[in-house]
Amino acid sequence: MKNSLFSASLALIAAGTGCQKPQESKPDNPNILFVFTDDHSYQTLSAYDNSYIETPNLDRIANDGVKFANSFVANSICAPSRAVLLTGKHSHINGQMTNADVFDGSQQTFPKLLQDEGYQTALIGKWHLQSDPTGFDYWNILPGQGHYYNPVFIEMGKDTVHEGYVTDLITDFSMDWLNEQWSKESPFCLMVHHKAMHRVWMPDTTHLDEFKGAEFPIPETFWDDYEGRTAAAEQRMSIRKDDMDIVYDLKMADHEGEIVTRYGDWYRDGALARLNDEQRKRWDAHYDPIIDEFKASDMTHEELSEWKFQRYMQDYLAVTRSLDENVGRLLDYLEEKGLLDNTLVVYASDQGFYMGEHGWYDKRFMYEESFRTPLLMRPPKGYQRGFVVDELVQNIDYAATFLDIAGLEVPGDIQGSSLMPLLNRENPDNWRDALYYHYYEYPNEHMVKRHFGIHNGRYKLIRFYFDIDEWEFYDLENDPNEIYNAIDNPQYQDIIEEMKGELRDLTIKYDDERARKILDGELVVTE
Ligand code: SGN
Ligand code: CA
């Protein structure tokens with residue numbers, strides 16, 4: 001450790017000429033608290049969008065810190081996103097291209113580099129990388145996707161079932177680690193990885209009724225007909241179809257067993273069967289009347305689709321409520337312990353999520369709702385606060401940022417860039433002007449075809465490949481909802497040609513040789 005954590009003290013720094021203004025100095029080796037959620041859409045985080053819910057505690061991070069207004073992922077799916085976070089490298093480099101791959105934990109990650117420099121590192125909650133965590137002094141993880149109720153945790157290799165609701169438990173365990181295991185002699189890097197808001201959106205019993213009967217505005221693109229977009233037409237993540245299951249996803253498990261669906265038994269015998277008697281009593285008290293009403297109804301396909309959207313939103317938002325409250329508990333804890341001054345608090349999700357846009361739930365596509373992800377940072381003392389960063393940032397940047405704020409050199413093989421210049425409001429004029437994206441998990445659940453592409457803030461160019469060979473192009477200023485694929489529009493041919501070249505340049509910059517070969521017609525991917 002180059003400097004001691006607590007070496008920073010109040011310093012008088014000359015501000016301008018003549019007058020002296022007291023200003024707090026920045027800590028050299030701040031703690032890092034990284035709060036990560038699963039599938040949290042920016043549409044349901046009120047610092048970004050308050051059409052559906054207020055999230056006052058998450059907003060505290062934005063109001064007292066920095067909101068990244070243009071934050072994106074490299075590959076919009078869970079395990080790959082986590083591997084990008086740890087390594088600062090795109091999926092084809094870190095090897096985690098899909099959820100099915102096993103993470104190679106022997107490779108360089110930012111927690112290992114922090115640990116080498118004396119940071120105490122811990123990871124609590126969802127991990128999803130199949131191999132055991134490396135680079136952490138302590139870990140206590142959910143197996144696979146984990147459960148909302150009475151979940152199993154694997155603590156340093158040992159399985160234990162814990163009674164309670166997963167978002168509360170992850171927060172409790174995080175505070176326990178800070179209280180009992182962090183030695184306080186060197187800084188910590190604590191990663192708090194929630195299961196919330198992943199499918200199948202099971203609210204805590206205390207929040208069940210919060211959005212009962214609430215009606216939300218149907219997104220403009222809910223009835224999208226996918227004209228001109230084959231991959232969008234052929235996905236299987238539709239609320240309007242049985243991709244969204246009335247029992248499994250929407251909890252319509254009647255006691256008589258008369259509602260039979262494709263995945264109904266997964267819910268009855270799986271997630272629902274985990275509830276204890278007390279939890280089940282409250283659960284049934286909430287859902288039974290909704291089930292009765294549903295059974296008595298006679299809806300057209302259109303009415304049923306919109307009813308499903310409302311049911312989905314009610315549960316998702318109730319899960320979000322617990323998350324927001326628990327983030328508040330953690331922030332209060334840091335405040336009470338006097339830790340906020342010396343801690344970088346970060347909030348992000350592993351990717352965005354569809355809240356009915358295009359008729360969908362889930363993620364994966366390079367379209368805005370799933371390509372974007374929330375990113376909020378509350379820097380330690382000495383930094384400016386309360387502003388918005390508009391630059392294009394991506395989850396490949398997190399590792400470099402954490403190393404940089406800790407005073408470590410960022411290894412040259414890390415592909416992302418430190419966000420510290422942006423936090424320091426230096427407005428670097430050489431900041432990236434385009435993002436690279438590559439999604440691989442096909443054929444698989446939800447059937448989103450493989451694609452890669454470039455986004456420069458205004459225009460987006462996407463190449464779909466494998467069992468399809470199609471381009472899509474969007475002018476986000478004129479078509480923010482991405483419903484008009486302008487790839488053949490004569491008006492855009494010059495910019496499309498230019499961006500095809502820039503996309504090829506990005507495949508070279510990020511060393512995605514397979515994508516480069518696909519573009520150059522040297523490779524046709526068949527498996
Ligand atoms: C599970 C979900 C899918 C989801 C993937 C990936 N099905 O397979 O709906 O797309 O996870 O999500 S479920 O029936 O198990 O809920 S990810 O966030 O982990 O990548
Ligand atoms: Ca996810």
Side-chain angles (χ1 to χ4, degrees), residues 35-45 71-86 91 96-103 125-130 141-149 151 166-167 170 191-202 235-239 241-251 253 261-274 308 312 315-316 319-320 323 347-356 360-365 369-375 395 439-449:
V35 182
F36 204 41
T37 36
D38 202 359
D39 298 356
H40 190 189
S41 57
Y42 59 84
Q43 303 92 304
T44 57
L45 199 172
S71 151
F72 296 81
V73 294
N75 181 0
S76 181
I77 182 98
C78 185
S81 175
R82 286 155 208 269
V84 167
L85 152 72
L86 293 168
S91 309
Q96 188 82 36
M97 276 127 96
T98 70
N99 277 344
D101 297 313
V102 178
F103 183 64
K126 185 174 175 184
W127 171 246
H128 203 193
L129 290 176
Q130 300 191 50
I141 58 172
L142 297 168
Q145 296 285 3
H147 286 285
Y148 278 104
Y149 276 88
V166 72
T167 310
I170 289 170
M191 302 178 70
V192 181
H193 285 202
H194 286 288
K195 171 178 173 61
M197 271 57 70
H198 195 274
R199 195 180 180 192
V200 290
W201 319 292
M202 293 177 81
Q235 51 55 47
R236 292 196 203 141
M237 46 190 250
S238 177
I239 298 173
K241 296 188 185 158
D242 66 2
D243 305 337
M244 176 170 272
D245 191 285
I246 284 165
V247 175
Y248 180 62
D249 289 305
L250 303 179
K251 333 287 181 336
T261 60
R262 197 153 40 134
Y263 301 119
D265 288 346
W266 285 9
Y267 171 68
R268 293 176 196 272
D269 304 339
L272 185 62
R274 299 191 67 82
K308 286 172 78 180
Y312 161 53
D315 287 351
Y316 184 102
V319 174
T320 310
L323 185 267
Y347 180 78
S349 172
D350 64 344
Q351 10 69 207
F353 213 67
Y354 293 93
M355 310 307 305
W360 298 337
Y361 65 103
D362 216 66
K363 51 257 178 177
R364 302 163 191 263
F365 278 108
E369 292 82 359
S370 46
F371 185 19
R372 286 177 178 268
T373 202
L375 179 65
N395 56 350
Y439 171 81
Y440 304 83
E441 195 177 285
Y442 178 92
N444 209 299
E445 206 181 358
H446 302 302
M447 297 301 276
V448 173
K449 295 184 190 292

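One-based numbering along the sequence shown. Atoms within a ligand are numbered from 1 in the order they appear, just like the ligands themselves.
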Using a 4.0 Å cut-off to any heavy atom of [X], which atoms of ligand 1 qualify?
X: Arg364; answer: 4 (C), 5 (C), 6 (C), 10 (O)
X: His128; answer: 19 (O)
X: Gln145; answer: 1 (C), 11 (O), 12 (O), 17 (S), 19 (O)
X: Lys126; answer: 19 (O)
X: Asp362; answer: 4 (C), 9 (O), 10 (O)

Around Arg236, counting heavy atoms of other residues, nucleotides and ligands shown, do more than 12 lie under 6.0 Å from its CZ?
no
At their closest point, which heavy atom of [X] faces which heavy atom of [Y], and how far apart are they?
X: Tyr148; Y: Met197; value: OH-C, 3.4 Å
X: Gln130; Y: Ala100; value: NE2-O, 3.4 Å
X: Ile170; Y: Leu142; value: CD1-CD1, 4.2 Å
X: Cys78; Y: Asp38; value: SG-OD1, 4.1 Å
X: Gln351; Y: Val73; value: CA-CG1, 4.0 Å

Residue part near ligand 1, for [X], under 4.0 Å between non-hydrogen atoms:
X: Asn99; answer: side chain
X: Tyr248; answer: side chain
X: Arg82; answer: neither

Does the separation of the ring centres of His198 and Phe353 fall below 6.0 angstrom?
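His198 vs Phe353: aromatic centres not under 6.0 Å.
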Within the structure, is a non-hydrogen atom of [X] found at a distance of less than 4.0 Å from ligand 1?
X: Gln351; result: yes
X: Lys195; result: no
X: Asp38; result: yes
X: Tyr361; result: no

Hey, is ligand 1 close enough to Cys78 that some N/O pair sits below 3.5 Å?
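Yes, since at least one N or O of Cys78 sits under 3.5 Å from an N or O of ligand 1.
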Using distance alone, determine whether Trp266 and ligand 1 share an N or O pair under 3.5 Å.
no
Taking side chain as C-beta onward, heavy atoms only, is Arg364 less than 4.5 Å from Tyr442?
no
Evaluate the side-chain proximity of Val166 to His147: yes if any heavy-atom separation is below 4.5 Å, no if none is.
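In short, these two side chains do not touch, never coming nearer than 4.5 Å.
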Would one find an N, O or S atom of Gln351, in either backbone or side chain, under 3.0 Å from the Ca ion (ligand 2)?
yes
N/O/S atom name from Asp39 that is nearest to the position of the Ca ion (ligand 2)
OD1
With the Ca ion (ligand 2) at the center, what angle do OD1 from Asp38 and OD1 from Asp350 span, rounded to 10 degrees?
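With the Ca ion (ligand 2) as the vertex, OD1 (Asp38) and OD1 (Asp350) sit 80° apart.
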Inter-residue atom distance Lys308.NZ - Asp243.CG, 0.5 Å rounding:
7.5 Å
Rounded to the nearest 0.5 Å, what's the gap from CG on Leu45 to CG on Leu375? Could you check?
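Nearest 0.5 Å value for the CG-CG distance: 10.5 Å.
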For atom 8 (O) of ligand 1, the closest protein heavy atom turns out to be Glu445 OE1, 2.5 Å
Which heavy atom of the protein is the closest neighbour of atom 12 (O) of ligand 1, given with residue, atom name and distance?
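Protein heavy atom with the smallest distance to atom 12 (O) of ligand 1: Lys363 NZ, 2.8 Å.
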Test: Asp39 and Lys363 ion pair at under 4.0 Å:
yes
For atom 16 (O) of ligand 1, which candidate among His446, Arg236, Arg199 provides the closest heavy atom?
Arg199
